[in-house]
Amino acid sequence: MTEIITEIKKENRGKEILKDKTIGIIGYGNQGKSQALNMRDSGLNVIIGNPRDSYLEDAVRDGFNVYNIEDACKKSDVIFILIPDEIQKEVFESKILPNLKEGDTIVMASGYNYFYGFLKPPEEINVMMIAPRMIGWGLRDLYQKNKGFPILAGIGNDHSGNSSDVLLGLCDALGVFKESGCAIMSSFREETLVDLLSEQSWAGAILFIFRKYFEVATELGASPEAAILEMYASGELAEIAESMKEFGLFRQLKTHSRTSQYGQLTRGPEYAGEEIKQLMKKNALNILNGTFAREWTNEQLTEEIVFRKLHEINQEHPMEAAEIKLYKLLGRDMDD
Ligand code: NDP
């Protein structure tokens, strides 16, 4: 049975352990900024490690002491690695690893690099994962509203023997346990699987199903604008997602007309047959056995040629030009 923690029931030993520690946030981007501000507001001693550029200026403006990554690691006991996953291995090996001391704790916000062994902290370093199911500004916004948020938490290596207390203390300082928040006790493997499988199944599929919808609707005489508005541009899709969050996947159907409900319940399953499950299983196994990670690493080593070309090719579809026209009409800034 999965352990889901919504509050710290016993005394908060992590808080006691962390009160004399320095928390170093490496990277002041999406997650780094929000996590740093939340933990500082909760009373922890937080410093920032970042190269000298606009992110650094932002951290200075927010009143943090900012150092280069090497010095921040030397000064810290708990080090959050909050830079993009693709560059973590290089930055970890060149700037973080040489500056760790026995008993330090590394915290990652995703399972990817540790699960695949791209980041290999030595045995005398504690390793944990606090992976928010939320974008950075969202967890800052909720903290300020005195609300919590969900995270997947895990321990990769417990050298000091007190990692669960430290993990819960950090979650508490981040604001996880405020109203409606929770920590799902998980693992680097599980986080990698559920995260990548989402991206590689329904999230990717929806983009290409929308393309097919556009083609069929316009071939049968619908205007491109009507088709695009119907799918996502009107904002109805975002409202449905919000209803799923509030009421549940199928319970939210009650917010649709009965005609819509009947159509969804009878035709929907035709698009999600057993062969789709087989395909999903194949992609899931390729996530777990490292086939996808190897492919993506090779792609990055070869100037991301396929990645760039796929972006280019997808701009050529007639739906793109129609979208630009519609968004201009609606006064939307697509570059934002
Ligand atoms: P960002 O892209 O926002 O990270 C930007 C930060 O990384 C900046 O401080 C930037 O500084 C620094 N950075 C970029 N390149 C380098 C480099 N070569 N060397 C050193 N620092 C660098 O990252 P995210 O916040 O999106 O992601 C951080 C972690 O959080 C990842 O593990 C991600 O999987 C996880 N995560 C992200 C979520 C999200 O909503 N984005 C959600 C949940 C988890 P500079 O430009 O100065 O180099």
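Residue numbers run from 1 in the order of the sequence given. Numbering of ligands and ligand atoms starts at 1, following listing order.
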Less than 3.5 Å apart, which donor and acceptor atoms pair up between the side chains of residues 310-324 and the rest of the protein, not counting sequence neighbours?
| from | atom 1 | to | atom 2 | distance (Å) |
| --- | --- | --- | --- | --- |
| Glu312 | OE1 | Lys309 | NZ | 3.0 |
| Asn314 | OD1 | Arg211 | NH1 | 3.1 |
| Asn314 | ND2 | Leu310 | O | 2.9 |
| His317 | ND1 | Met319 | N | 3.0 |
| His317 | NE2 | Glu215 | OE2 | 2.8 |
| Glu320 | OE2 | Arg211 | NH2 | 2.8 |
| Glu323 | OE2 | Tyr232 | OH | 2.4 |

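Of all the heavy atoms of Ile69, the ones lying under 4.0 Å from any atom of ligand 1 belong exclusively to the side chain. Contacts of Asp53 with ligand 1, taken as heavy-atom pairs under 4.0 Å, involve the side chain alone. Under 4.0 Å from ligand 1, the heavy atoms of Met134 that appear belong solely to its backbone.
Side-chain contact, Asn126 with Asp104: no donor N or O sits under 3.5 Å from an acceptor N or O.
Looking at atom 19 (N) of ligand 1, its nearest protein heavy atom turns out to be Val91 CG2, 3.5 Å. Shortest contact from atom 18 (N) of ligand 1 to any protein heavy atom: Ile87 CD1, 3.5 Å. Considering only non-hydrogen protein atoms, atom 34 (O) of ligand 1 sits nearest to Asp85 OD2, 2.7 Å. Protein heavy atom at the shortest distance from atom 43 (C) of ligand 1 is Pro132 O, 3.4 Å. When only non-hydrogen protein atoms are considered, atom 27 (O) of ligand 1 lies nearest to Ile83 O, 4.2 Å. Of the protein's non-hydrogen atoms, Asn30 N, 2.8 Å is the one closest to atom 3 (O) of ligand 1. The protein atom (non-hydrogen) at minimum distance from atom 40 (O) of ligand 1 is Ile135 CA, 3.2 Å. Regarding atom 39 (C) of ligand 1, its nearest protein heavy-atom neighbour is Gln31 NE2, 3.6 Å.
In the vicinity of Tyr28, heavy-atom distances shorter than 4.0 Å reach the ligand 1 atoms 8 (C), 9 (O). For ligand 1, the atoms sitting less than 4.0 Å from at least one non-hydrogen atom of Leu82 are 4 (O), 28 (C), numbered in the order shown with element in parentheses. For ligand 1, the atoms closer than 4.0 angstrom to any heavy atom of Ala109 are 30 (O), 35 (C), 44 (C).
Evaluated by nearest non-hydrogen atom to atom 6 (C) of ligand 1, the leading choice among Gly138, Pro51, Ser110, Gly29 is Gly29. Nearest-heavy-atom check against atom 4 (O) of ligand 1 across Gly27, Ser34, Pro84, Ala59 picks out Pro84.
Here the side chain of Gln31 pairs no donor or acceptor atom with the backbone of Ala109 at under 3.5 angstrom. Looking only at distances, a side-chain donor or acceptor of Asn38 sits under 3.5 Å from a matching main-chain atom of Leu139. Judged by distance alone, with hydrogens and angles left aside, the side-chain atoms of Asn113 form a donor-acceptor pair with the main-chain N or O of Asp85 at under 3.5 Å. With hydrogens and angles ignored, the 3.5 Å screen pairs a side-chain donor or acceptor of Asp158 with a backbone N or O of Ser163.
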From CA spacing to verdict: side chain to side chain donor-acceptor pair (under 3.5 Å), Gln264, Ser260: CA-CA 6 Å; Gln264 293 186 55; Ser260 165; 2.9 Å; yes

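One finds no salt bridge joining Lys75 and Asp71 here, because no Lys/Arg side-chain nitrogen approaches an Asp/Glu carboxylate oxygen to under 4.0 Å.
Taking a 4.0 Å cut-off on heavy atoms, Ala131 fails to register as neighbouring ligand 1. In this structure, Asn113 falls outside the shell of residues with a heavy atom less than 4.0 angstrom from ligand 1. For the pair Lys95 and ligand 1, no heavy-atom separation below 4.0 Å is found.
The shortest distance between side-chain heavy atoms of Thr291 and Leu288 does not fall below 4.5 Å.
Ring centroids of Tyr112 and Tyr116 are separated by less than 6.0 Å, placing the two rings close together.
Phe64 carries Arg40 over the face of its six-membered ring, with the cationic atom under 6.0 Å from the centre and within 45° of the normal.
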